[in-house]
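Every value quoted in this text rests on a predicted model; they were computed, and no experiment measured them. Hydrogens, waters and symmetry mates play no part in the numbers below; they use all other heavy atoms, side chains included.
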Amino acid sequence: MANAALLNQKLQEVHLVNKLDQSGQVQLDNSVSLNVNFPPDASRCIGKLHQTLRDKEQAGGKFTMSVDLVGVFSCTGATEDEVKRQIHQEVYDQLFPFMQAQCSALAGASGIPGLMLRKLEMDPNNISVGKTCPPDPTPDGGPKLTLL
């Protein structure tokens, strides 16, 4: 059985552009990627969660938020691919609340209160082990922001 316990997390990189100038709703594209790296002894792992939100209605990218959050985890039993897939899911589940808090705080500080991210349901069959995967190029239509 896999087990990942968050030891430490940090906000590694943030990019925020808010040039929205009118009130109303903005439809956002949302893309998420997660990479989990294991050292040879698999006693720890590092998860990097990348979240990008951008407006899809405004020409010229009037709103973009990109956040990289990194977590260090202790791991047990991460020697087989199936177990690593399970740990991948656990890493996402544990990092997501921190990502939600950071994105909400950044949006609020830029004048857009109430941003809520959708937590993804991961299919273990779509988790690649031993490969580097690029961010998802096809956004999911993301949340709407309400400007006051």
Report the distance from atom [atom1] of [X] to atom [atom2] of [Y], rounding to the nearest 0.5 Å.
X: N30; Y: R118; atom1: CG; atom2: CZ; value: 6.5 Å
X: D55; Y: T64; atom1: CG; atom2: OG1; value: 6.0 Å
X: E80; Y: R85; atom1: CD; atom2: CZ; value: 11.0 Å
X: C45; Y: E90; atom1: SG; atom2: CD; value: 9.0 Å
X: T52; Y: R54; atom1: OG1; atom2: CZ; value: 5.5 Å
X: E121; Y: Q89; atom1: CD; atom2: CD; value: 9.0 Å

Tell me whether [X] contacts the main-chain N or O of [Y] through its side chain, where contact means a donor paired with an acceptor under 3.5 Å.
X: Q100; Y: L115; answer: yes
X: Y92; Y: G47; answer: no
X: N18; Y: S110; answer: yes
X: N37; Y: I46; answer: no
X: E13; Y: D68; answer: no
X: Q94; Y: L6; answer: yes
X: Q51; Y: V32; answer: no

Honestly curious: do [X] and [Y] fall in one hydrophobic cluster under the side-chain, below-4.5 Å linking rule?
X: V14; Y: F96; answer: yes
X: V67; Y: L16; answer: yes
X: V36; Y: L120; answer: yes
X: V17; Y: L11; answer: no
X: V91; Y: F98; answer: yes

Taking the side chain as everything from C-beta on, heavy atoms only, tell me whether I112 gets closer than 4.5 Å to L20. yes
Do C103 and M65 come within less than 4.5 Å of each other through their side chains, counting heavy atoms only? yes
Closest non-hydrogen atom pair between [X] and [Y], with its separation:
X: G71; Y: L95; value: CA-CD2, 4.0 Å
X: L49; Y: M99; value: O-CE, 3.4 Å
X: R44; Y: P39; value: O-CD, 2.8 Å
X: I87; Y: A4; value: CG2-CB, 3.9 Å
X: L69; Y: K10; value: CD1-O, 3.2 Å

Measure from NZ or CZ of K84 to the centre of the six-membered ring of F38 and say whether it is under 6.0 Å with the direction within 45° of the ring axis.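 So K84 does make the cation-pi contact.
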Please indicate whether K19 has more than 12 foreign heavy atoms, meaning atoms of other residues, nucleotides or ligands, lying under 6.0 Å from its NZ.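 Open: at most 12 neighbouring heavy atoms sit under 6.0 Å from NZ of K19.
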Hey, is CD on Q12 packed in by over 12 heavy atoms from elsewhere, all under 6.0 Å? yes
Test side-chain contact (heavy atoms from CB on, under 4.5 Å) applied to L28 and F63, step by step: CA-CA 9 Å; L28 297 177; F63 182 86; 3.8 Å; yes
